[in-house]
Peer 1: 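First the structure, then my questions, so here it is.
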Amino acid sequence: MRKYDHKEIEKKWQTEWEAKGLYCASDDSSKPKSYVLDMFPYPSGEGLHVGHPKGYIATDAYSRMKRMQGFNVLHAMGWDAFGLPAEQYAIKNKVHPRVAVDKNTTRFKEQLSIIGFDYDWKREINTTDPEFYKWTQWIFLKMFEKGLAYESYEPINWCPTCQTGLANEDLEDGKCERCDTPVEKKPMRQWVLRITQYADRMLEDLDALNWPASIKESQKNWIGRSEGAEIDFKIENSDKTITVFTTRPDTLFGATYVVLAPENKLIDELASSISNMSDVLAYREDAKSRTEIERTAEGKEKTGVKLEGVLAINPANDEKIPVFAADYVLGNYGTGAVMAVPAHDERDWSFAKKFNLPIKQVIETPEFFPKDKPYTEDGIITNSIVWLDGLLSVDARSEIVGELEYKGAAKEVVRYRLKDWVFSRQRYWGEPIPLIHCDKCGVVPVPEADLPVMLPQVESYAPSGTGESPLANIAEWVNVPCPKCGGAGKRETNTMPQWAGSSWYYLRFIDPKNSDALVDKTKEKYWSPVDMYVGGAEHATRHLIYARFYHKFLYDIGVVNYEEPFARLQNVGLIMAEDGRKMSKRWGNVVNPDDVVGEHGADTLRLYEMFMGPFNQSVAWSTQSIVGPRRFLERVWKLAEKVSESANEKTTDAALHKAIKKVGDDIETFGFNTAISALMILVNDLEKAESLSKHTYETLLVLLAPFAPHITEELWHELGNTTSIHLASWPAYDASKCVESEITIAIQVNGKVRDEIVVAADADEEAIKSIVLARPTIVKWTEGEEIKKIIVVKGKLVSIVVGE
RNA sequence: GCUGGGAUGGCGAAAUUGGUAGACGCACUUGCCUUAGGAGCAAGCGGGGUGACCCAUGGAGGUUCAAGUCCUCUUCCCAGCACCA
């Protein structure tokens with residue numbers, strides 16, 4: 001037999017599959033469908049390393065099995081190609097970012113193609129393609145129409161040296177990563193999306209999703225629903241009121257002071273009553289220099305300043321208590337003000353200790369509880385007021401809020417940690433926000449017929465220096481007539497963040513060429529939702545929240561048929577470098593898939609990456625271990641020699657059907673490592689057989705085909721088949737073929753295995769007991785002892801309990 | 001600190017969900033074959049002991065005829081969130 005030459009085989013079949021359009025999805029809705037999707041990549045200039053394809057190999061194997069099981073499979077790939085690196089490349093090389101994007105996508109596609117994926121390339125999409133971003137802009141227009149987009153001055157990280165805005169990840173210790181200048185907060189006019197309006201629905205619908213529990217948990221925490229109350233504290237001798245947010249209104253009687261965030265505007269409004277205003281302003285300035293992380297760092301010494309001359313009145317008991325400005329309270333959470341209950345809150349406790357403020361206990365504290373700590377648990381109310389004392393915290397909360405509500409001093413509210421989404425960037429390489437500013441008409445949407453608003457050609461892609469987008473400098477692009485009144489208008493120069501395209505791209509694969517609609521609703525009804533979505537766990541709270549928000553919005557305006565985009569989610573674990581670090585150019589530890597494919601073959605790479613360990617776990621690459629899967633394929637290749645017409649299938653049927661079950665079940669649950677080990681066990685067994693029937697060997701090939709599509713296709717054709725193995729039917733599992741006539745069972749005495757016997761599978765308990773008790777080894781252990789109990793576990797073991 | 005996930009041979013790991021711990025693969029050892037081998041084949045491979053046996057799933061207890069798996073306490077590692085009122 002000829003040698004297994006992966007180079008010849010892989011190239012040949014890839015060309016053949018492509019030519020035949022073997023993996024093209026059809027819109028034939030009479031067949032059950034399976035929409036399998038990878039989180040699409042950002043085509044970076046560095047190319048793929050060996051870790052990138054891991055998730056793609058998984059979806060590839062999964063979708064191939066689904067196809068063989070009779071599903072109409074949609075598996076396509078695209079490029080999330082807007083974003084900073086392409087823009088920076090453009091600035092540096094003075095070329096259009098498109099040049100970098102085209103170069104990188106071509107390279108990525110080449111690298112992917114040699115691995116032999118079953119992508120339907122007819123459906124390839126690119127977020128930077130005007131035909132695509134037309135719809136990204138269209139969604140924004142719809143959100144604008146529905147009042148979900150609003151303008152707001154939001155601070156950006158501004159580097160005064162580079163004259164540019166920076167993302168959080170470009171900061172190091174509050175300094176610009178590139179020039180080390182301390183970064184300032186600069187308010188910019190921004191577009192913000194009201195994602196918080198969908199917070200409750202996103203929370204509720206989480207339950208029904210077949211997602212990893214950890215991802216659901218992080219989304220829950222990210223949305224961060226907390227039920228509490230807003231309570232009004234009047235200011236003495238003033239018409240002003242401080243409204244605080246609290247989740248513990250039950251502790252209201254323990255409030256001994258009130259704290260405002262230093263940036264809270266109320267401070268300015270109270271200025272005339274504050275006798276030490278200059279100190280307060282100095283503190284505010286000081287607090288500005290600290291990042292939120294610094295301000296909120298664990299165990300940090302509390303700072304703050306008292307607003308001299310200001311007293312707040314506790315609406316529950318009319319007690320007058322002091323007011324402070326302190327940076328442990330954040331301006332952008334709750335109302336930017338808290339009532340401090342030092343006896344029952346950690347932060348208030350340490351602040352009160354430092355500033356020598358009274359600590360009043362209003363929840364009964366267990367005796368064993370240390371005296372030098374606040375008691376933050378729920379408990380029984382005490383020291384409050386007659387009708388409240390003795391109640392449980394949980395009940396007291398609604399009682400007290402109800403009472404105050406009646407007086408107009410409190411109301412129950414639900415707060416979210418989730419913030420509205422700052423949706424604009426002051427950059428060139430993003431989708432232009434399709435709005436026009438008109439002095440007369442205000443903000444006017446670009447008419448749908450005029451979409452897409454194309455990115456103009458510019459001289460320089462560098463930021464404008466004012467913080468505005470480079471687009472602001474292109475007069476002929478900016479100045480357009482107002483669509484409403486025809487007067488002078490100016491285009492919005494902010495662009496969208498990279499998330500915009502990735503928040504809905506999965507819908508476009510369904511109907512990539514549609515120029516009349518984002519997606520045809522009938523096709524969408526058939527293909528949605530995505531049945532299996534695979535990507536890194538790092539997208540748990542950003543991409544996956546944004547996409548769910550977009551999808552729910554599209555559902556509300558009737559574009560899609562279902563409320564959720566991704567029915568099932570699997571996380572891919574990272575592949576680390578052999579040294580245990582992340583693969584990176586910086587460490588020089590990058591393994592390139594092209595090299596591995598060249599040396600060992602795509603099938604070996606695929607098999608190895610799936611065999612390395614549990615799919616969602618991170619593992620280190622091992623150059624040494626990859627030969628295992630290669631040897632395995634060689635053995636499968638050689639096994640072809642055993643195929644004979646005179647073979648007795650019965651001798652191998654049990655092994656075969658065990659594998660059919662295990663491989664199918666494991667691919668379904670993403671247990672690829674054990675699926676492959678089951679295939680190895682099968683090959684080990686088949687090698688022991690004298691000869692193999694063609695059918696047995698073909699079944700092995702079909703089971704292996706999802707992982708190793710090229711070698712199996714080659715061997716399949718060698719056997720005389722003329723159609724592709726990837727369109728063959730997945731074998732059916734026949735339980736009766738796995739039934740064995742004899743089984744080995746273990747014999748334990750007092751919990752220790754002492755012997756084992758082979759019995760007929762259908763032997764009854766009494767027969768087994770008598771055989772077991774007669775065994776010399778067992779007699780040795782039971783002699784002279786009283787047999788207390790004999791437990792027979794069918795098909796497994798016999799356990800004998802003896803005692804004196 | 002909170003939440004989630006982990007800890008099993010020299011290494012990656014498996015274990016039917018309470019039933020013979022270490023499947024499968026890598027590395028390693030021995031032998032065969034070969035002019036040669038980063039090839040192939042055969043056997044071995046958790047630790048201790050000549051052996052009968054004993055010990056072993058981060059550690060300490062417990063439940064059970066039986067625990068990697070369940071319970072209590074504890075140590076360490078990874079990821080995410082973090083003074084959220």
Side-chain angles (χ1 to χ4, degrees), chain A residues 212-222 224-226 228-229 244-249 251 259 261 292-293 295-300 302 326-330 332-341 344-351 376 415-417 537-538 540-541 571 573-574 607-608 611-614 616-629 631-632 634-635 638 661-662 665 671 673-684 687 744-756 780 788-803:
Chain A
S214 59
I215 301 284
K216 288 202 212 180
E217 192 62 29
S218 355
Q219 289 217 346
K220 214 174 265 180
N221 293 336
W222 189 264
R225 181 189 159 99
S226 57
V244 304
F245 173 64
T246 180
T247 53
R248 294 293 303 275
T251 62
V259 187
E292 202 164 289
I293 312 257
R295 280 171 58 165
T296 57
E298 172 87 4
K300 192 206 76 170
K302 298 282 179 288
D327 68 357
Y328 78 91
V329 172
L330 303 174
N332 58 12
Y333 184 78
T335 59
V338 304
M339 63 176 206
V341 184
H344 305 294
D345 182 278
E346 299 272 359
R347 296 149 294 170
D348 299 342
W349 171 276
S350 45
F351 189 85
T376 59
R415 287 271 166 200
Y416 298 95
R417 205 198 77 112
E538 68 275 16
T541 48
N571 289 130
L574 282 180
L607 211 48
Y608 174 59
F611 184 61
M612 286 175 89
N616 59 5
Q617 202 171 292
S618 81
V619 235
W621 182 262
S622 165
T623 306
Q624 189 175 269
S625 299
I626 197 168
V627 300
R631 282 179 199 153
F632 168 69
E634 302 267 9
R635 286 162 55 204
K638 259 201 187 148
K661 172 138 180 63
K662 180 83 178 148
D665 289 355
N673 54 333
T674 46
I676 291 166
S677 103
L679 286 166
M680 289 171 167
I681 292 169
L682 175 61
V683 168
N684 290 346
E687 277 176 342
T744 305
I745 59 174
I747 309 165
Q748 294 183 339
V749 180
N750 282 353
K752 299 214 181 243
V753 179
R754 297 301 178 188
D755 197 2
E756 55 179 43
K780 197 180 96 189
K788 290 183 166 169
K789 221 198 263 186
I790 301 178
I791 299 145
V792 180
V793 182
K794 221 175 165 249
K796 300 276 181 201
L797 52 73
V798 179
S799 183
I800 304 164
V801 187
V802 298

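None of the values given here were measured: they were computed from a predicted structure. Below, chains carry the letters A, B, ... as their sequence lines are ordered, and counting in each starts from 1.
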Peer 1: What's the closest nucleotide to the Lys752(A) side chain, out of C24(B), C54(B), G19(B)?
Peer 2: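 Looking only at side-chain atoms, Lys752(A) lies closest to C54(B).
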Peer 1: Should Arg754(A) be listed as having a side-chain N or O under 4.0 Å from OP1 or OP2 of A66(B)?
Peer 2: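 Checking Arg754(A) against A66(B): no side-chain N or O falls below 4.0 Å of OP1 or OP2.
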Peer 1: Across all strands shown, which nucleotide pairs with A21(B) by Watson-Crick or G-U wobble geometry, both distances under 3.5 Å?
Peer 2: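 No nucleotide pairs with A21(B).
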Peer 1: When we call it a touch if two heavy atoms are under 4.0 Å apart, what does Lys780(A) touch: a base, just sugar-phosphate, or nothing?
Peer 2: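 Contact class for Lys780(A): sugar-phosphate only.
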Peer 1: What about Ser799(A): does its side chain form a donor-acceptor pair under 3.5 Å with the base of C65(B)?
Peer 2: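 Between C65(B) and Ser799(A), which were checked side chain against base, a qualifying N/O pair under 3.5 Å is present.
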Peer 1: Verify the contact: side-chain N or O of Asn684(A) to OP1 or OP2 of G25(B), cut-off strictly under 4.0 Å; return yes or no.
Peer 2: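 Yes, such a contact exists.
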Peer 1: Using a cut-off of less than 4.0 Å, is there contact between a side-chain N or O of Arg631(A) and OP1 or OP2 of C26(B)?
Peer 2: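 So the side-chain polar atoms of Arg631(A) do come within 4.0 Å of the phosphate oxygens OP1 or OP2 of C26(B), strictly under.
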Peer 1: Is it the case that C83(B) (base atoms only) and Lys302(A) (side chain only) share a donor and an acceptor within less than 3.5 Å, ignoring hydrogens and angles?
Peer 2: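 A donor-acceptor contact between them is present.
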Peer 1: Could you state the interatomic distance from CG (Asp348(A)) to CE (Met339(A)), rounded to the nearest 0.5 Å?
Peer 2: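 It comes to 9.0 Å.
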Peer 1: At under 4.0 Å between heavy atoms, what does Gln624(A) touch on the DNA or RNA strands: base, sugar-phosphate, or nothing?
Peer 2: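 Answer is sugar-phosphate: Gln624(A) comes under 4.0 Å of backbone atoms only.
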Peer 1: When you measure from the side-chain N and O atoms of Arg347(A) to the phosphate of A82(B), is any distance below 4.0 Å, counting only OP1 and OP2?
Peer 2: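 No, no such contact exists.
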Peer 1: Once you round it to whole Å, what is the distance between P of G18(B) and NZ of Lys794(A)?
Peer 2: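 Distance check: Lys794(A) NZ to G18(B) P gives 20 Å.
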Peer 1: Based on the glycosidic angle (syn within 90° of 0, else anti), state the conformation of U34(B).
Peer 2: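 This nucleotide is in anti.
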Peer 1: Between the base of U16(B) and the side chain of Lys796(A), is one N or O donor paired with an acceptor at under 3.5 angstrom?
Peer 2: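 Indeed, a donor on one side and an acceptor on the other fall under 3.5 Å apart.
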